[in-house]
Visitor: 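Below is a structure I'd like to ask you about.
Any value given below was found using the heavy atoms of this structure, including those in side chains, with hydrogens, waters and symmetry copies removed.
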Amino acid sequence: MIFHLDTSTTQPLGVVLLKKRVDASNSNELQKAFAQWLLQASNFVFDCTELDFIDSSGLGAIVSCLRKALEHHGDVKLAALSPKVAMVFELTKAKQLFSVFSSSSEAIQSFRTVSPK
Amino acid sequence: MNISEKTINNYAIVSLQGILNASSAPKLKTYIAGMPDEQSLVIDLENVEFLDSSGLGALVGIARKKKTGSAVMKLARMNERVKKVFEITQAYTLFDIYDDVSAAAEA
Amino acid sequence: MKTLLVIKKQEYEWLIDLFPGVHPLLVPICNKPFIEFLVDFAILAGSDALRIVSDGVLGDVEHYCENGSRWGVEISYGSMRPGDDISTVIDKNRRFCLDGRVIIISGFLFIRYNKKREYASLFASLPTGELLGCPHGSISLAGTSTTKTEAPGTLPFSLAALDSIGKYYELSMEILRTGLTHYVIPGYSSEEDCYIGRNVIIPKSAEIIKPVIIGNNVQIMTNAIIDRNSVIGSNVIIDRESVISGSIVIGNTYIGEHLEVKNKIAAGNLLIDPESGTVIVMEDPHLLTTMTKSKVAGALLRRLVHTLGATFLILLQLFPWLLLRPILGMQGKWKRKKEQYYAERQGKYVTLTSTTIECTGALSAFAKALSLDRFTLLFKVLSGKLALIGNQPRPLNPAIPLLPNSPAGYRPAVFSYAEAEEWPEIGIDTEIVEHYYAVHSDPLKDIAMTQKALFHRTH
Amino acid sequence: MNPIITLTLQANLRYVRVASIIACNVAEIFADFTCNSTDIAEFCHAYELSVSEAFTNSVRYAKPAQPEKQVTIRFSSDNNSLAVSIIDTNSQFNPVTQAPDISSYPEGGYGLFLIHRLMDTVSYTREDDTNILTMTKQATMTHDT
């Protein structure tokens with residue numbers, strides 16, 4: 001996981017690059033880190049370009065990130081899901097909860113165009 | 001085991017009868033060794049009552065020799081019991097197997 | 001009339017990884033093995049003998065089709081070399097092709113036909129030669145026809161090559177939507193677009209929308225939806241609130257809770273998107289799994305939990321047993337029978353003394369409520385011969401062999417899951433419960449289930 | 001397991017056929033009593049073939065210059081499975097087997113592989129300088145129906 005703050009938007013935007021796998025072994029790590037990131041931003045883009053595998057606990061962690069972001073009046077948007085990862089999101093109906101973009105720049109752009117509430 | 005031979009279209013048709021196992025396989029090997037290397041063969045297995053891996057090994061050995069001697073060796077009329085051994089060992093992939101002797105000798 | 005089927009390994013190889021453990025020629029199309037459609041067609045076309053020729057291993061196909069007596073047709077098998085062309089294959093099977101006419105079907109092809117039409121006289125009169133061809137194979141006729149007629153402009157059958165998972169999916173959907181009445185489809189059917197197999201459990205809250213085909217021993221859990229255009233194979237569990245639509249669930253697959261399987265193929269722990277060909281392997285037992293036995297590590301923990309549980313029960317039952325056993329024994333209400341049962345490991349047996357307590361009088365009712373009849377069996381848990389909870393031990397009976405590799409596994413036990421759930425203890429329904437717990441049970445749940453079993457037995 | 005027959009033969013390839021015919025016949029008698037309607041011919045062929053393979057191995061690996069060498073074949077059974085043990089005093093061998101690489105035209109090495117494929121269980125033990133290869137098969141064939 002690599003986190004950086006994108007300040008080109010009106011509100012600070014957290015961009016998270018997820019790597020390889022998000023599964024039972026590292027989903028806790030993601031949730032803990034996310035609590036820290038929430039202090040700096042409430043809008044997030046999870047860039048899944050390098051994510052090859054996700055299981056139900058990884059999915060649970062990402063959904064819990066979304067819930068926390070929503071509590072902070074923010075959002076988590078997903079970008080560049082590989083076909084395999086997308087299939088897991090579809091299978092579990094988690095896809096319906098997220099806005100999904102084909103690239104991280106599109107996802108970042110979408111936060112720019114939305115006027116801050 | 002009895003071995004008999006006839007000729008169709010330059011193919012030596014070697015018909016085996018009886019049991020092809022460790023005690024009879026040497027007889028087959030010696031018989032085939034007595035033929036010229038370039039002699040093409042059809043081995044008729046219709047009357048082979050029993051074949052084990054020693055018998056199979058002999059057939060595989062003949063096939064390899066014929067292959068290097070650029071002759072052809074074909075098998076014909078395999079019964080179910082014999083086929084089983086070829087199937088388990090996948091030895092059928094090494095042979096051209098015909099259900100008819102004259103078809104084997106013509107093709 | 002005879003039929004010669006020539007299918008090269010190279011043509012079906014692509015299917016091997018997608019449906020592991022199933023021979024490609026036995027891959028189900030609408031719950032019926034591929035090869036059976038061809039057998040049906042051959043018979044419909046008037047064949048009394050069928051030979052399947054391939055350069056690949058046919059063992060499983062042979063085991064399934066045997067000599068064809070099931071269909072009243074003689075089925076034999078032949079081998080070929082990968083490089084052989086059709087004429088070589090015909091030569092290699094000359095004796096088979098010798099008398100009469102032969103339909104030669106070459107390639108991994110599905111033949112679309114309609115069982116209501118008349119094919120026998122058509123094939124008897126068609127001219128020799130290729131009837132239909134496509135880049136992946138052909139269907140042709142050898143031998144002379146009895147009457148000389150020209151081939152009709154359109155033949156009442158057509159070919160569909162199976163060369164990709166997309167084609168497989170399309171074909172299955174095509175049959176499901178429009179062709180179910182053209183073929184013999186397994187299952188019970190009262191309406192033409194709905195086939196349901198044996199022992200299918202559908203709760204009131206579940207929803208099934210036609211067209212649909214469901215195999216045998218299928219358990220659909222509460223609020224699950226089988227939406228239109230779905231094929232569910234045998235021994236499948238669709239867990240709570242999951243939605244299956246436009247999808248094929250291959251046999252022995254477990255679909256977890258709250259999932260949406262839309263336009264996909266689920267086979268064991270594989271989820272396949274037929275459109276893109278993307279395959280994901282599920283390593284996650286909550287989502288999709290193959291129905292298999294539990295892992296070794298889990299087995300060790302389970303053994304420990306079961307031993308502790310059994311020890312606890314022994315201590316609990318010891319006094320009542322010492323007290324009641326002699327009294328009931330004297331009254332002749334305590335009956336014991338020594339019998340051999342199948343053990344967990346295949347090919348092994350275990351001798352058990354089963355006790356029955358004749359249920360007359362307050363004392364025996366009390367003894368039964370305490371499950372004292374199982375007391376002696378508890379010691380078998382300590383020695384590892386039985387589990388505390390699992391399957392009901394099956395008596396050794398040569399006539400009813402225990403199926404090896406049954407997907408649910410078999411773990412003979414003092415108490416059975418079926419007892420815990422108050423399911424009928426005998427019969428195939430029990431298998432479904434056991435199947436379900438093969439997927440859902442863990443050592444902790446086992447304790448709860450044992451409690452449940454003990455409780456239910458008192459009532 | 002109840003013993004049925006114990007038979008000791010001279011370790012000579014001449015007697016391979018004797019061993020395998022007896023195995024085939026014992027299997028047939030056993031299957032006749034035990035099976036309802038299974039494929040008896042296939043059951044018997046499995047014993048005929050397996051014993052042929054095992055006996056041949058025992059003779060092949062017998063140390064030379066010991067013409068009095070013997071191989072013992074022991075049949076025993078329980079309710080529905082028949083076990084046959086081939087016992088010899090050869091040196092220890094490695095019973096682990098894999099399919100021979102057929103593409104290299106091997107002339108041997110199929111024996112144990114065949115036995116494993118034909119029988120339900122194959123076990124090998126070494127006791128007091130003897131090799132015991134025990135092969136068992138259930139008489140009731142399990143069909144997936």
Visitor: In terms of heavy-atom pairs under 4.5 Å with chain C, which of Thr93(B), Asp96(B), Val101(B), Asp100(B) leads?
Guide: Asp96(B)
Visitor: Rounded to the nearest 0.5 Å, how far does OG of Ser79(C) lie from CE of Met78(B)?
Guide: 6.5 Å
Visitor: For Gln10(C), does the CD atom have more than 12 heavy-atom neighbours from other residues, nucleotides or ligands under 6.0 Å away?
Guide: no
Visitor: Which heavy atom of Asp99(B) sits nearest a heavy atom of Arg95(C), and at what distance?
Guide: OD1-N, 2.9 Å
Visitor: Give a yes or no answer on whether the side chain of Asp91(C) reaches the backbone of Ala104(B) with a donor-acceptor pair at less than 3.5 Å.
Guide: no
Visitor: Nearest 0.5 Å, please: how far is OH in Tyr92(B) from CE in Met80(C)?
Guide: 11.0 Å
Visitor: Take atom NZ in Lys65(B); do more than 12 heavy atoms of anything else shown fall under 6.0 Å from it?
Guide: no
Visitor: Chain C heavy atoms under 4.5 Å from Lys83(B): which part of the residue, side chain, backbone, both or neither?
Guide: side chain
Visitor: Using a cut-off of 6.0 Å, state whether more than 12 heavy atoms not belonging to Glu74(C) lie near its atom CD.
Guide: no
Visitor: As an exercise, state the distance from CD of Glu62(C) to CD of Glu87(B), rounded to the nearest 0.5 Å.
Guide: 4.5 Å
Visitor: To the nearest 0.5 angstrom, please state how far the CD atom of Glu80(B) sits from the OG atom of Ser76(C).
Guide: 8.0 Å
Visitor: Would the number of heavy atoms belonging to other residues, nucleotides or ligands and lying under 6.0 Å from NZ of Lys27(B) be above 12?
Guide: yes
Visitor: Below 4.5 Å, heavy atoms only, C-beta onward: do Lys74(B) and Lys92(C) meet side chain to side chain?
Guide: no
Visitor: For Ile88(B), which atoms come within 4.5 Å of any heavy atom of chain C: side chain, backbone, both, or neither?
Guide: neither
Visitor: Might you work through the side chain to side chain contact (heavy atoms under 4.5 Å, CB included) test for Glu106(B) and Arg94(C), ending with a clear yes or no?
Guide: CA-CA 11 Å; Glu106(B) 278 166 29; Arg94(C) 183 182 289 183; 3.0 Å; yes
